[in-house]
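Some notes on the structure that comes next.
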Amino acid sequence: MADRGYWALALTAFVSSLLVVQADIIKHTPVGQLFVHKLEREKFQNEFEPFLKIYGGRVYNDPMVFKCNRQQFPDLPRWLRFTQRHPYDNGFLYGTPLQENLGKNIIEIFVTNKRSYETFKDRLVINVAPAVKPMPYQAEFFIGKREIEKVLPSDVQEEIKNDIKIIWGTDSLHFVNITSALDRGGRVPLPLAGHYEGVYVKLGSDKPYSTCLLSLQTLEHQRECEVGGKISEYCSRCNNPANCVTWCRSTLIDLSRPVPPAPLPTVGSGILAWGGEFDPPVSPPAKNYIPDYIVTIIIPFVFAIVLALILAYVMCCRREGVQKRDAMTPELQLYHHHTIQGNSSELRNMAQSRGSVPQPLSTLPMFNTRTGERAPPDYPSESIHIPLIMAQQEPNVDTLPRK
Ligand SMILES: *[C@@H]1O[C@H](CO)[C@@H](O)[C@H](O)[C@H]1NC(C)=O
């Protein structure tokens, strides 16, 4: 019984995994040529909202970010790079595979929808094939008014290639590499309209350079660039002003001539030359620290003691108050004494005369402030109700005790 339940579960899991499995995206590219794969947000939007499309719901335009890595590796292969300017832009995987990247390159793409935070995983298989034809003549052009994301779409690549085709005088041209100037130590431009990072575009061909391109190598051209004056741009042509090439930062890379092999390293006998006995350096002479001790400890200490003595003398023997008491004359002392005596006898007289004068009424108990009447003192003691707290009474309320 339990066994059957297990199999049912396994079957459901298998069927659901079949449903979830996505067909891989498969791409072919030869060694030595630029590979570009566009990660389209629109396409992934359909993956996130498969039913919206069917039932004609409203179409979202969600921000998305991509995370790409080689399968079972944390990062992309070295030849492949990823760029996405903004979550509302498409992403691009691009790069030039080398001979050692031949074969299958499996790339995992994780898409995160930044609105719903749903994720989606896709797989891209790049089959790198051997180079179709050698491209011994290569040239790198700098396009100053472009950014990498604006050059990678295939239509812009075509535009640029068409301009170069006319300059080069051949149709057999291929992109070898496209690099942002930022990857070559370029500066991040100001975030203003009309400021771009610039892009290096490398193209290759099996056809030799045109005379136009060869002029890039002339001394005259190099001198003009150093001076920074007017560059004779008789080769330039750009149908779209954004694609215009900066000639002074463009170079030819001629791979047609075989590179001379590096000279072999000279091999020695394998035995080190005798350098003589090891002579350890003598230790430095002992240093006398007494002058340092006197300067840093004794002198400040003596100074501190002298200051303390001066301060003690000033505080104990030269205080202002002490001086004044000495200066007080006997006459002044007598006068003080006299006034004190006079004051106290005056006070004593006043105290004696207190008995003859009647006390102010307000100081007497049971005085009614309104009527000026004094309460009869012969109340029966059990009926007297005097409020304990007089201050709580209204000032005009009769405070006479009630019978
Ligand atoms: C393409 O450009 C990148 C960045 O400058 C560089 O690392 C890479 O080696 C280049 N690849 C080729 C085949 O020139």
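- Annotation for Q72: atom CD does not count as buried by contact number, only 12 or fewer foreign heavy atoms lying within 6.0 Å.
- Enclosure of atom CG in L190 by more than 12 non-hydrogen atoms of other residues, nucleotides or ligands within 6.0 angstrom is indicated.
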Subject >> Chi angles and distances behind the side chain to side chain contact (heavy atoms under 4.5 Å, CB included) call for I253, Y137 >> reply: CA-CA 7 Å; I253 302 150; Y137 300 99; over 6 Å; no

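- Using a 4.5 Å heavy-atom cutoff, the side chains of E118 and E47 are not in contact.
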**OP:** Output, in order, the C-alpha distance, side-chain angles, deciding distance and verdict of side chain to side chain contact (heavy atoms under 4.5 Å, CB included) for L39 and L124.
**Re:** CA-CA 10 Å; L39 300 172; L124 168 69; 5.9 Å; no

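- A cation-pi arrangement is absent between R41 and F44, since the terminal nitrogen or guanidinium carbon is not both under 6.0 Å from the aromatic centre and inside a 45° cone about the axis.
- Atom CG of L219 sits in a sparse spot, with 12 or fewer heavy atoms from other residues, nucleotides or ligands closer than 6.0 Å.
- With a 4.5 Å cut-off on side-chain heavy atoms, L102 and P130 count as touching.
- A heavy-atom distance below 4.5 Å is not found between the side chains of Q157 and P153.
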Original post:
So E226 and R223, salt bridge (charged side-chain N to carboxylate O under 4.0 Å, His left out) or not? Walk me through it.
Top reply: CA-CA 5 Å; E226 267 167 32; R223 212 179 46 240; over 6 Å; no

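- A 4.5 Å side-chain heavy-atom check between Q138 and L255 finds at least one atom pair inside the cut-off.
- For R115, the CZ atom sits in a packed shell: over 12 heavy atoms of surrounding residues, nucleotides or ligands are nearer than 6.0 Å.
- When the shell of 6.0 Å around NZ of K165 is examined, it contains more than 12 heavy atoms from other residues, nucleotides or ligands.
- Between N105 and P77, the shortest heavy-atom distance links the atoms OD1-CG, 4.3 Å.
- Annotation: cation-pi geometry satisfied between R184 and Y200 (NZ/CZ under 6.0 angstrom from ring centroid, within 45° of ring axis).
- Within 6.0 Å of atom OH in Y293, 12 or fewer heavy atoms from other residues, nucleotides or ligands are found, so the atom counts as exposed in its surroundings.
- In this structure, M135 and G32 approach most closely via the heavy-atom pair CE-O, 3.6 Å.
- Inter-residue side-chain proximity for H28 and V128 is flagged as unmet; no heavy-atom pair is nearer than 4.5 Å.
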**OP:** Go through F73 and I107 one step at a time and tell me if the side chain to side chain contact (heavy atoms under 4.5 Å, CB included) criterion holds.
**Re:** CA-CA 9 Å; F73 286 87; I107 309 298; over 6 Å; no

**OP:** Would you sort out whether T29 and I126 count as a side chain to side chain contact (heavy atoms under 4.5 Å, CB included), showing the intermediate values?
**Re:** CA-CA 7 Å; T29 188; I126 308 170; 3.8 Å; yes

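- Side-chain contact check for N69 versus D75: every heavy-atom pair is 4.5 Å or farther apart.
- Side-chain N or O atoms of D24 include none that pairs as donor or acceptor with a backbone N or O of I26 at under 3.5 Å.
- Between E108 and F110 the shortest side-chain heavy-atom distance falls below 4.5 Å.
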**OP:** Evaluate the salt bridge (charged side-chain N to carboxylate O under 4.0 Å, His left out) criterion for residues R85 and E197: first the C-alpha distance (whole Å), next the side-chain angles of each, then the deciding distance (0.1 Å), finally the verdict.
**Re:** CA-CA 12 Å; R85 179 93 13 174; E197 302 146 9; 2.9 Å; yes

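- F66 places none of its side-chain heavy atoms less than 4.5 Å from the side chain of L93.
- The aromatic rings of Y209 and W168 lie tilted to each other, with the angle between the two planes from 30° to 60°.
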Original post:
Hey, mind stepping through K43 and D122 against salt bridge (charged side-chain N to carboxylate O under 4.0 Å, His left out) and telling me if it holds?
Top reply: CA-CA 11 Å; K43 191 197 137 217; D122 210 347; 3.2 Å; yes

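- Nearest heavy atoms, S210 versus I167: OG-O, 2.7 Å.
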